[in-house]
Amino acid sequence: MIVVMKVGTPTAEVDRVSEEFRSLGLEPEKIVGKHKTVLGLVGDTADMDALQLQDLSQWIESVLRVEKPYKRVSREYRHGEASEVVVSTPSGAVTFSQHHPIVVVAGPCSVENEQMIVETAQRVKAAGAKFLRGGAFKPRTSPYAFQGHGESALALLAAAKEASGLGIITEVMDAADIDVIAEVADVLQVGARNMQNFSLLKKIGAQDKPVLLKRGMSATIDEWLMAAEYILAGGNPNVILCERGIRTFDSSYARNTLDLAVIPVLRSLTHLPIMIDPSHGTGKSEYVPAMAAAAIAAGTDSLMIEVHPNPAKAMSDGPQSLTPDRFDQVMGELAVIGNAVNRWDAKPVPVLA
Ligand code: PEP
Ligand code: MN
């Protein structure tokens with residue numbers, strides 16, 4: 001249930017009402033919005049009468065029952081307001097949210113060596129990206145495929161961060177690696193294949209770094225939101241949802257079907273920020289620009305684009321990676337749409353020699 005307090009409710013009254021809810025066996029979670037304070041009630045509210053709860057204080061504006069299986073991620077839980085996931089990076093705080101400029105995340109699929117990751121970081125930064133992506137621990141379908149350099153790649157990401165000032169996003173596959181990854185990463189990525197690894201989600205929810213939760217390739221939107229609910233229920237409210245393409249009946253031309261309809265759907269269901277990954281979504285670099293443009297037009301809050309200095313030689317996902325030169329051009333094209341929707345501040349910056 002959600003309890004909406006009236007505008008101007010004194011803090012002492014919010015605290016008193018919270019105590020009353022606690023005495024009823026419910027855990028009130030206070031969400032202070034721009035205009036109103038809302039209390040999300042966690043616990044068994046099935047037999048409780050909303051009108052009776054409303055009588056607890058004249059400062060209660062309304063008591064709403066959340067019918068959906070997810071609560072903390074639901075749009076109602078924040079009384080319709082979009083949440084802001086603010087990430088600190090060496091170049092300053094970056095906000096992922098509906099009413100903020102689109103955040104571009106770019107970089108190779110895997111961190112291969114220091115030169116390529118540093119060079120890519122500098123190039124994507126110069127083109128306007130705010131985060132560098134790159135896998136150290138890679139989830140590969142085949143056990144014989146390149147698995148990522150693991151821990152040693154984290155040092156290379158640290159070097160790229162230092163050289164570029166970009167924030168770092170990289171994947172966690174095993175909860176045992178969270179601490180060491182969190183030393184360099186500003187956002188922890190949970191990949192599509194681990195979207196329903198509930199023990200990992202619980203551990204990720206119990207730590208402080210913001211989380212990028214990719215949609216499982218066969219996950220429904222409800223399953224995806226329930227996975228995000230695990231992270232919020234664990235105590236971490238900073239989750240970004242990333243659509244990366246789903247399995248459909250036709251993979252003849254594109255690796256996956258990029259489900260851009262999730263943008264308006266998620267907008268109505270959740271307050272969490274949305275990212276679109278057209279690289280994994282299509283699997284082909286030539287389709288990436290059109291889908292990135294469409295995602296901006298449809299209202300995405302963020303984009304993840306794979307960029308590699310030499311896609312033909314990439315150790316993973318070369319066919320879907322843009323070269324840095326192509327990424328420069330694409331960012332110029334995306335700026336037109338980004339500016340049209342008034343959400344573009346990814347201006348190119350000169351690279352320092
Ligand atoms: C990735 O981003 O490198 C990745 C493995 O993505 P996904 O989990 O979406 O397949
Ligand atoms: Mn990849």
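All ligand and atom numbering here is 1-based and tracks the order in the structure. Since the structure is predicted, the reported quantities are computational estimates derived from the model, not experimental observations.
- Among protein heavy atoms, atom 4 (C) of ligand 1 sits closest to His280 NE2, 3.5 Å.
- Heavy-atom proximity to Gly191, at under 4.0 Å, picks out these atoms of ligand 1: 8 (O).
- A salt bridge is defined here as a Lys NZ or Arg NE, NH1 or NH2 lying under 4.0 Å from an Asp or Glu carboxylate O, and Glu229 with Lys71 fails to meet this definition.
- In summary, Lys161 and Asp186 engage in a salt bridge, as defined by a charged side-chain N under 4.0 Å from a carboxylate O.
- Formation of a donor-acceptor pair under 3.5 Å by the Ser152 side chain with backbone atoms of His149 is found in this model.
- A donor-acceptor contact shorter than 3.5 Å links the side chain of Gln54 to the backbone of Glu61.
- Nearest to atom 2 (O) of ligand 1 among the protein's heavy atoms is Arg133 NH1, 2.7 Å.
- Contact detail for Ile31 and Gly40: the closest heavy-atom pair is CD1-N, 4.5 Å.
- Per-residue contacts place Lys138 under 4.0 angstrom from the following atoms of ligand 1 (heavy atoms of the residue considered): 1 (C), 3 (O), 5 (C).
- Under a 3.5 Å cut-off, the side chain of Asn236 and the backbone N or O of Val211 do not form any donor-acceptor pair.
- The single protein non-hydrogen atom nearest to atom 6 (O) of ligand 1 is Lys214 NZ, 3.0 Å, given as residue, atom name and distance.
- For a distance threshold of 2.8 Å, the protein N, O or S atoms nearer than that to the Mn ion (ligand 2), listed by chain and number, are Cys109 SG, His280 NE2, Glu306 OE2, Asp317 OD2.
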Kindly list each side-chain donor-acceptor pair under 3.5 angstrom involving residues 165-181, sequence neighbours excluded, with atom names and distances?
unit_1	atom_1	unit_2	atom_2	d
Thr170	OG1	Gly134	O	2.6
Asp174	OD1	Ala176	N	2.9

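- For atom 5 (C) of ligand 1, the nearest protein heavy atom (residue, atom name, distance) is Glu171 OE1, 3.7 Å.
- Partners of Arg267 under the salt bridge (charged side-chain N to carboxylate O under 4.0 Å, His left out) rule, at least two apart in sequence or in another chain, are Asp301.
- Sequence neighbours left out, the pairs with a member in residues 47-99 that pass ring pair (Phe, Tyr, Trp, His ring centres under 6.0 Å) are Phe96-Phe131.
- No donor-acceptor pair under 3.5 Å is formed between the side chain of Ser62 and the backbone N or O of Val4.
- Within the listing of ligand 1, atoms 7 (P), 9 (O), 10 (O) sit less than 4.0 angstrom from a heavy atom of Arg244.
- Counting only heavy atoms of the protein, atom 8 (O) of ligand 1 lies nearest to Ala192 N, 2.7 Å.
- The shortest N or O to N or O distance between Asp277 and ligand 1 is not under 3.5 Å.
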